[in-house]
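Starting from 1, each residue takes its place in the sequence as its number.
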Amino acid sequence: MPRRAASHRLEFEPAAIYQYPDHLRPYLEGLPSLPGVYVFHGESETMPLYIGKSVNLRSRVMSHFRTADEAKMLRQAKRVTFIPTAGELGALLLEAQMIKVQQPLFNKRLRKNRQLCSLHMAGEKPTVVYAKDLDFSHTPDLFGLYASRHAALEKLQKIADEQRLCLGVLGLEKLSKGRACFRASLGRCAGACCGKESLDEHQQRLIAALERVRVQCWPWQGAVGVVEQGINHQQIHIINNWFYLGSVEDLAQASELTTTPQGFDSDGYKILCKPILSGKFPILPLP
């Protein structure tokens, strides 16, 4: 009986009923071995099935056809389209933008996180602040980007454990005046609560640990063009406050991309921060 039940379940596993999607073969002929974004379309004209990116469009799209676990998506697909980009950066930016706008059925959906928060050092103790209340692209001394207050405090707790910091001094626990905290008796606090170490020493270790996750402020006065040179063409990605506004091939077209959304785009920040601050790409400040 168990064996028959297992067989019955197998009939409904995507891999068990996988058939090569021959109806999509015509759409593979024009796929280039270049960077870009690709889209699997179903019946809907407005909601795609799946949006992906790659530095090699042809190779990546073909990999879907060799994956039996994607049978459900492939059976619903009616066509495949693609948008070439100059390189990997452009593909990453365009994919993230398209997923947010079009909300494809089979993607992990990227939604605006209204609880996005960070740890802010405006005084002696870090506090949790929210992107809905502060402009994260221009607020100094923010450390880390977190999906919730709970996640931010978990990070602070982890730092305290690693650095033997006092939860009372950090404001995470109440302290009894003149008495060491419970963690100090266990050797998990270096004793800033009871004079075994100075508050300055405690603060220095905290700041050094937080520095590893410092959120970089937007370093320009306004929008800039990030130049990415590809094999066949060049793109200029228009960025402002870590938001990707679009890409152009001629800087004269940048005036069409003038609207910067409100809030803070953590996905854009994560994609852009290291590449453009590293000096890897030429930066063109825009008027």
Can you measure from [atom1] ([X]) to [atom2] ([Y]) and round to the nearest 0.5 angstrom?
| X | Y | atom1 | atom2 | value |
| --- | --- | --- | --- | --- |
| Lys53 | Asn56 | NZ | CG | 13.0 Å |
| Leu165 | Lys158 | CG | NZ | 14.0 Å |
| Leu284 | His237 | CG | NE2 | 11.5 Å |
| Cys181 | Arg188 | SG | CZ | 9.5 Å |
| Lys196 | Cys166 | NZ | SG | 11.5 Å |
| Leu142 | Cys117 | CG | SG | 10.5 Å |

Closer than 3.5 angstrom, by distance alone: can the side chain of [X] be matched with the main-chain N or O of [Y] as a donor-acceptor pair?
| X | Y | answer |
| --- | --- | --- |
| Tyr38 | Arg58 | no |
| Glu228 | Gly90 | yes |
| Arg164 | Gly187 | yes |
| His23 | Ala77 | yes |
| Arg60 | Ser54 | no |
| Gln103 | Ile99 | yes |
| Asp265 | Phe243 | no |
| His233 | Glu249 | no |

With the 4.5 Å side-chain cut-off for hydrophobic clustering, are [X] and [Y] part of the same group?
| X | Y | answer |
| --- | --- | --- |
| Met121 | Leu172 | yes |
| Ile283 | Leu277 | yes |
| Leu93 | Leu257 | no |
| Tyr27 | Phe106 | yes |
| Val224 | Val248 | no |

Qualifying side-chain hydrogen bond (donor to acceptor under 3.5 Å, both in side chains) pairs, either residue in residues 116-125, two or more places apart: none
Residue pairs involving residues 270-287 (criterion side-chain hydrogen bond (donor to acceptor under 3.5 Å, both in side chains); sequence neighbours excluded): none
Arg25 and Asp22 ion-paired at < 4.0 Å: yes
Test of ring centre spacing under 6.0 Å for His64 and Phe40: yes
Provide the closest heavy-atom pair for [X] versus [Y] in the form atom of the first, atom of the second, distance.
| X | Y | result |
| --- | --- | --- |
| Val61 | Leu28 | CG1-CD2, 3.9 Å |
| Gln216 | Cys273 | CG-SG, 3.8 Å |
| Phe136 | Val215 | O-CG1, 4.4 Å |
| Ser255 | Ala252 | OG-O, 3.5 Å |
| Ser185 | Phe182 | OG-O, 2.6 Å |
| Ala152 | Val128 | CB-CG2, 4.1 Å |

Report yes if the side chains of [X] and [Y] come closer than 4.5 Å at any heavy-atom pair, otherwise no.
| X | Y | result |
| --- | --- | --- |
| Leu94 | Gln97 | yes |
| Pro84 | Leu34 | no |
| Trp218 | Ile239 | yes |
| Ile159 | Phe143 | no |
| Arg79 | His41 | yes |
| Ile83 | Val39 | no |
| Val227 | Phe281 | no |

Trace of the side chain to side chain contact (heavy atoms under 4.5 Å, CB included) decision for Leu89 with Leu272: CA-CA 8 Å; Leu89 181 62; Leu272 288 162; 4.2 Å; yes
Over 12 non-hydrogen atoms of neighbours within 6.0 angstrom of [atom1] in [X]:
| X | atom1 | value |
| --- | --- | --- |
| Ile231 | CD1 | no |
| Gln76 | CD | yes |
| Glu211 | CD | yes |

Single hit among His150, Gln157, Arg149 for side chain to side chain contact (heavy atoms under 4.5 Å, CB included) with Leu153: Arg149
Trace of the side chain to side chain contact (heavy atoms under 4.5 Å, CB included) decision for Leu206 with Gln163: CA-CA 7 Å; Leu206 170 62; Gln163 301 297 324; over 6 Å; no
Aromatic plane relationship, Tyr269 with Trp242 - under 30° parallel, 30 to 60° tilted, over 60° perpendicular: perpendicular
Intermediate values then yes/no, side chain to side chain contact (heavy atoms under 4.5 Å, CB included), Leu119 and Tyr146: CA-CA 9 Å; Leu119 293 169; Tyr146 310 100; 4.0 Å; yes
Asn240 and Thr260: side chain donor to acceptor below 3.5 Å: yes
Stepwise side chain to side chain contact (heavy atoms under 4.5 Å, CB included) check, His202 with Leu170: CA-CA 10 Å; His202 182 278; Leu170 291 175; 3.9 Å; yes
